[in-house]
Trainee: 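After the structure tokens below, expect a handful of questions from me.
In what follows, chains carry the letters A, B, and so on, assigned in the order in which the sequence lines appear, proteins first and then strands, with residues in each chain numbered from 1. Model, not experiment: these values are computed from the prediction.
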Amino acid sequence: MEKIRTRFAPSPTGYLHIGGARTALFSWLYARHHGGTFVLRIEDTDQERSTDESTKAILDAMAWMGLNCDEGPYFQAQRVDLHREMVQKLIKEDKAYYCTCTPEELEAKRKQALATGKKPKYDGTCRDKKLSKSDNSVVRFRGKQDGVTIVEDLIKGNIIFNNEELDDLIIERSDGYPTYNFAVVIDDAMMNITHVIRGDDHVNNTPRQILMYQALGFEVPKFAHVPMILGSDKTRLSKRHGATSVMAYKEMGYLPEALVNYLVRLGWSHGDQEIFSLGQLVELFSLDTVGKSPAVFNPEKLLWLNAHYIKEAHSDRLLTEMKPLWPAGINTGDDAFTKKVIADLQPRVKTLVELAATADFYFADKVSYETQAAQKFLVPDVVAHLKAIAAAIPALQTFSKDGVEEFLKAFTVEQNIKFKVIAQPLRVALTGKTVSPGIDEVMVTLGKDRVIKRINDAVAYIASGANATVQQ
RNA sequence: GGUCCCAUCGUCUAGUGGUUAGGACGCUGGCCUCUCACGCCGGAAACCAGGGUUCAACUCCCUGUGGGACUACCA
């Protein structure tokens, strides 16, 4: 069997979006699964809209997701000589012709046709004029007008098109650049792409492309059109539905494996399994199990997967991931301490950004109390307990989770109180909040010195009568 | 308008003629518990409609309906 070659061919007119990312992922997985080659080609023949920043953004996003390519990136605009050569070949063989219809004329005809209920396709005005190249001329492909073209799609099955529905599309613009539908055929053919995996917004282009493969004498590749990703209102996913940029998810504190796992399950499945590592995907992925229907993007499920992968992640890894996310002004320089903070928080956050936002109290020199929390729990009744705890801590042998738990338990027994009595006051003293990781965890992470200081601060705060002032 | 695609819980999906239609997210009741999460146990929630084919249709066929894509000198 010939070696499989797939490609991802984005146009650099913006960031890599969710839909493109999934297409890239499928294409990458297919190549990897079959031990084939994954090619990246930047389709930048639109001189107006293509930018280097976009190219970079796409490359960055693919790298972040772990979708490395074996060849490329190739740049389509650097291949125009080849495209023009092929255009000339077609002209020589009378399979393409020059056309001098102006965009205005065409637009008028289109409107006219639509208004009278006719097909808005090119009417073939210049088809047999045997024109030669002139200033604003374009080149059109001479399509077959009879018979049918069958797209054998690996996902959708056979799709049959009547050739009469297809019009003579422009393959070379007046600026001398090839159009997408032509360049994509030339490049896929010359790069020996065996499987064209792309969004199903391209199905209607496919029969014309097949005609061009045939006109050029190229072998037609296999096609696999993956269904679109829709927004919650079932229209094409766009910014209106929320973030659509892959890198925006990175910035919002998502792990790439969460995005990858989420994206692959949009359209593809493997029985009831939900969690897949990239390695597993490479092993299991198949086009046979890709569904035909479009999928609605569901941010909640992505969030759940992200929480799952954050829980699973090693704290060393998260330490690195968190580096750019900490808010300014807090000192996270002590890696050992920061890692403990991360470990406390990672089972209870859904994004890395949330982790950064909830970690503030660990790093604060002085805890700032939430008003309600302080009013309710930092009250005179608990002063004696807090003092006693602070006083006992220096003598503790094992300041571990178990050790602290044991100590607190013994303390409550000794004082003949329920743990509840001191739990929330202690939590507020230590964190300023009523919600936090377990008290034992917080104490261990903070370490004896910080714990003692914070308890003493709380005692002082209560003594100052600050709460009474607030209440008035 | 034309062409093409699609149709199982709100969402992602399993299902390939005979199932109490399964799982996951979300929602929800409970357990666990120092708070919050996590985790565990339970619940509500779906085969678009109508015709066929068949002993038997979610599953096959047709029509309708609904949704989507394309219809550029964009990709």
Trainee: Is B/rC34 paired to anything, Watson-Crick or G-U wobble with both distances less than 3.5 Å, and if yes, which nucleotide?
Mentor: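 B/rC34 is paired with nothing.
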Trainee: Calculate the interatomic distance between A/K121 atom NZ and B/rA72 atom C1'; express it in whole Å.
Mentor: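 It works out to 16 Å between those atoms.
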Trainee: Answer yes or no: is there a side-chain heavy-atom contact under 4.5 Å between A/V260 and A/L281?
Mentor: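 Of all side-chain heavy-atom pairs linking A/L281 with A/V260, at least one is under 4.5 Å.
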Trainee: What distance, rounded to whole Å, do you find between the two P atoms, one in B/rG39 and one in B/rC5?
Mentor: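 These two P atoms come out 43 Å apart once rounded.
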Trainee: Please determine, for B/rA57, whether a Watson-Crick or G-U wobble partner exists with both distances under 3.5 Å, and give it or none.
Mentor: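 Pairing partner, where one exists within any strand: none, as none qualifies.
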Trainee: Base, sugar-phosphate or nothing for A/G199? Non-hydrogen atoms, less than 4.0 Å.
Mentor: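 Answer is nothing: A/G199 stays at 4.0 Å or more from every strand.
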Trainee: Expressed as a whole number of Å, how far does the P atom of B/rA7 sit from that of B/rA44?
Mentor: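 Here B/rA7 and B/rA44 have their P atoms 28 Å from each other.
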Trainee: Using Watson-Crick or G-U wobble geometry with both distances under 3.5 Å, which nucleotide pairs with B/rU16?
Mentor: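 In the structure as shown, B/rU16 has no Watson-Crick or wobble partner.
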Trainee: Whom does B/rU65 pair with, Watson-Crick or G-U wobble, provided both distances fall under 3.5 Å?
Mentor: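 When the pairing criteria are applied, B/rA7 turns out to be the nucleotide that pairs with B/rU65.
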Trainee: Contact class for A/S293 (heavy atom, under 4.0 Å): base, sugar-phosphate, or nothing?
Mentor: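 Sugar-phosphate: the residue A/S293, judged by heavy atoms under 4.0 Å, touches backbone atoms but no base.
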Trainee: Heavy-atom nearest nucleotide on RNA chain B for A/N205 versus A/R427: which residue maps closer to 5'?
Mentor: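 The residue mapped nearer the 5' terminus is A/R427.
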Trainee: Taking the side chain of A/I159 as its heavy atoms from C-beta onward, which of B/rC25, B/rC4, B/rU35 lies nearest to it?
Mentor: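 My answer, after comparing the listed nucleotides, is B/rC4.
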Trainee: Which value, in whole Å, describes the distance between the P atoms of nucleotides B/rG30 and B/rC38?
Mentor: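 That atom pair is separated by 16 Å.
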Trainee: In whole angstrom, give me the gap between the P atoms of B/rA24 and B/rC41.
Mentor: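 Roughly 9 Å separates the two P atoms.
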Trainee: For B/rG26, which nucleotide is its Watson-Crick or G-U wobble mate, given both distances must be under 3.5 Å?
Mentor: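 No nucleotide pairs with B/rG26.
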Trainee: Whether A/K292 and A/D153 form a salt bridge (side-chain N of Lys/Arg under 4.0 Å from carboxylate O of Asp/Glu) is what I want to check.
Mentor: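 Salt bridge absent between A/D153 and A/K292.
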Trainee: I need the CZ-P distance between A/F8 and B/rA75, as an integer number of Å.
Mentor: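 It is 15 Å, rounded to the nearest whole Å.
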Trainee: To the nearest Å, how far apart are A/N204 CG and B/rG2 C1'?
Mentor: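 Whole-Å distance recorded here is 11 Å.
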Trainee: Using the side-chain heavy atoms of A/S269, tell me which of these nucleotides is nearest: B/rC12, B/rC5, B/rA14.
Mentor: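 Selected nucleotide: B/rA14.
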Trainee: Kindly compute the distance separating CD1 (A/I18) from OG1 (A/T23), expressed to the nearest 0.5 Å.
Mentor: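 It is 11.0 Å, given to the nearest 0.5 Å.
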Trainee: Can you confirm whether A/L302 sits close enough to A/L259 that some side-chain heavy atom of one is under 4.5 Å from a side-chain heavy atom of the other?
Mentor: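 Yes, side chains in contact.
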Trainee: Assess whether atom CD of A/Q145 is packed by more than 12 heavy atoms of other residues, nucleotides or ligands within 6.0 Å.
Mentor: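 Check passes, neighbour count above 12.
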Trainee: What integer distance in Å separates A/F161:CZ from B/rU71:P?
Mentor: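 These atoms are roughly 13 Å apart.
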Trainee: C1' atom, B/rG26 versus B/rU11: distance in rounded Å?
Mentor: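 Approximately 8 Å lies between the C1' atom of B/rG26 and that of B/rU11.
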Trainee: Could you check how far CD of A/E441 sits from P of B/rC38, rounded to whole Å?
Mentor: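 About 14 Å, once rounded to whole Å.
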Trainee: B/rA72 pairs with which nucleotide, Watson-Crick or G-U wobble, both distances below 3.5 Å?
Mentor: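 Looking at the geometry, B/rA72 pairs with no nucleotide.
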Trainee: Quick check: on RNA chain B, is the nucleotide nearest A/K311 upstream (toward 5') of the one nearest A/L266, or the reverse? Name the residue that is more 5'.
Mentor: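 Comparing both residues, the 5'-ward one is A/L266.
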